[in-house]
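Since we're looking at a predicted model, the values are computed, not measured. Order of the sequence lines fixes the chain letters, A, B, ..., with proteins taken first and strands second; residue numbering starts at 1 for each chain.
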Amino acid sequence: MPTARATTSHKASRGRSAARRGSHAAASAGLPGHRGAGRANADDISFPIFHRVRNECNWNLPVPRLSPRSRPGLYGAQPLQARAMSVRTRFAPSPTGFLHIGGARTALFNFLFARHHGGEYLLRIEDTDKARSTAEAVQQILDSLAWLGLSPDEAPVMQSSREARHAEVARELLARGAAYLAFDTPEELAAMRAEAEAAKRPFKYDGSRWIGLDPAAAPSVAPVIRIKAPRGGETVVPDLVQGEVRVANAELDDMIILRSDGTPTYLHAVVVDDHDMRITHVIRGDDHLTNTFRQCMVYDAMGWHRPHFAHIPLIHGADGAKLSKRHGAVGVMEFEAQGFLPEAVCNYLLRLGWGHGDEEFVPRPRAIELFDLKDVGRAASRMDYAKLTHLNGVYLRAADDARLTEEVLKRLTRRGVDFGTLGGDRVRALMPALKERAKTLEELTSAAAFAAQEGPPALDPKAAAQLTPEAKALLADLAQFLNDAPWEQTDLMNWLRDYSDVKGMKLGQVAQPLRIALSGSTQSPPIDAVLAALGRTEAMDRILAAAG
RNA sequence: GUCCCCAUCGUCUAGAGGCCUAGGACACCAGCCUUUCACGUUGGUAACACGGGUUCGAAUCCCGUUGGGGACGCCA
């Protein structure tokens, strides 16, 4: 019998090959329906043998050998029809704060994976921690997902509404002898932990004195229900991203599944809900990887088939530190406020940890077409706002003018800028030129403000400095000249060129003062476009005003 | 501390033993384009963490070291 060490091959190879193997095994075996699958053989799952069942669950089925070259895609060439049930994924945030960018990516991957396989993508709100969950946070999460275009396919499941079911399963485990009542007080547990730490020994809970206890002899302490951890062997999880992950069962201890107040713990509730919701693929953050071993105890003790697991790496902040609320705009809606487009955020998030050759621009339909768990990397990545901003610019330039105009006007209003119908029309007219030179909606809004507002613009310092007496004289003269011009972009351009030719100046020498008069800034869209968008009356007003 | 996971330019990544003198993108630098600013375009700087193996050949497979992250709750 090889030792665990010896059979632990290199991460990379075992990762990829195990992922392939695992999923292929499941695919060829078909995913048994979860409904009642456990009940059929519930009787032969008694505690003494359940870890044997665990170790021989469907992951270990023999797998036909495939040469790497001819290997079909993880699922692509393994037609879905061959599977007994369609893919169902879920995103399961806890409503203790805003949805941050890491959660958004988890949701995105769940969504993409489900869509790619024509399956369903669900949402479950893990609100069993009543002290920290809030209705506002739930709403925030829903809003954020909606903004990202990641709303679930079915009504969200509130985990708190399922507590009776969680307790029922815990009791069933108790009845099967796979779990037991433990009468330790929180204080006693804390003491045990402190003691272990003082002795520099890893703390491992020992509940042997409670097992088989005569109820009459029980202390008058409200008990918790603890599940019996397997006592020998190891637990192996074929992770679709991380590869085959294993731990010696000696590392596991008897975890609490039902608190003394009768509410379930997370590790228990997740399993029951994922099973009942018939989730086939659990795609979540890396931080849950070691939890998976514990969750397997519940699956196995109930005789339920485990779902496929895929643990995606975490996102770190730009400085490499763990992503937190203290590091920039991590709340999803903060990105909206900063003027990022949801499709750009999704594209950026997708590329963080997932790649398909050199493709950088991956809009939603293409993402659905290409997305595969086997292409998800295993190392944590960092937020790079510069790249997100660049990508946002790409999407912005490709975006529909009407939509952008609406966004800009909304943001102008948000800023308290006054503008009328004419102003809105001017922004609309200038949008094709405006969007070429902005990377975010906020930049776009700032750049569009001069067009929306009525009357001569305020001059920014740089512009004011360039508005010399000579420039003013030029503007006065130019105003005369432009008076008879046909007010159409191409004609205006020709007139300006003629003017500068006649005056023996370069076009730039004429355009720049004009730009300042019209926009109040040294930077603007092409001057002919600005002139045309503003219209004769408004443009002449501004030129004359600047000419003094 | 124990267990688990990870490691290619500054950042995101491509890479399935020979196509690698390591490719792309962002950022940065220089040039071109140009009525400003952008866009675009041309070129440049820049990486296989380290040490051992295996092999004719290693970024790629194996072992170890170092570094980083995560989990160890009647939180999720």
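B:A22 and B:G31 have their C1' atoms separated by 27 Å, with the value rounded to a whole Å.
Counting non-hydrogen atoms under 4.0 angstrom, A:Leu289 reaches the backbone sugars and phosphates but no base. Within 4.0 Å of A:Gly353, counting heavy atoms only, lie sugar-phosphate atoms of the nucleic acid but no base atom. Counting non-hydrogen atoms under 4.0 angstrom, A:Ile527 reaches a base of the nucleic acid. Across all strands, A:Ser94 comes closer than 4.0 Å only to sugar-phosphate atoms, never to a base (heavy-atom distances). Among the heavy atoms of the strands lying under 4.0 Å from A:Arg294 are primed sugar atoms or P, OP1, OP2 only; no base atom is included.
Using a 3.5 Å distance cut-off with no hydrogens or angles, the side chains of A:Thr292 and A:Arg284 do pair a donor with an acceptor. Counting only N and O atoms by type, the side chains of A:His311 and A:Asp286 include no donor and acceptor under 3.5 Å apart.
Residue A:Thr128 has a polar side-chain atom (N or O) positioned under 4.0 Å from OP1 or OP2 of B:A76. Within the 4.0 Å cut-off from OP1 or OP2 of B:G73, at least one side-chain nitrogen or oxygen of A:Arg193 is found. Between A:Arg397 and B:G40 there is a side-chain N or O to OP1 or OP2 distance below 4.0 Å. Phosphate proximity of B:U13 to A:Arg382: absent, as no side-chain N or O sits under 4.0 Å from OP1 or OP2.
As rounded to whole Å, 14 Å separates atom C1' of B:C4 from atom CZ of A:Arg378. Rounded to a whole Å, the CG atom of A:Asp287 is 14 Å from the C1' atom of B:C6. Here B:U13 presents its C1' atom at 13 Å from CZ of A:Arg105, a figure rounded to the nearest Å. A straight line from CZ of A:Arg124 to C1' of B:A76 spans 11 Å, rounded to a whole angstrom.
A:Arg246 has a carboxylate O that lies under 4.0 Å from a charged side-chain N of A:Glu244, or vice versa, which qualifies the two as a salt bridge.
Ring pair A:Phe340/A:Phe335 is tilted by interplanar angle, where 30° to 60° counts as tilted.
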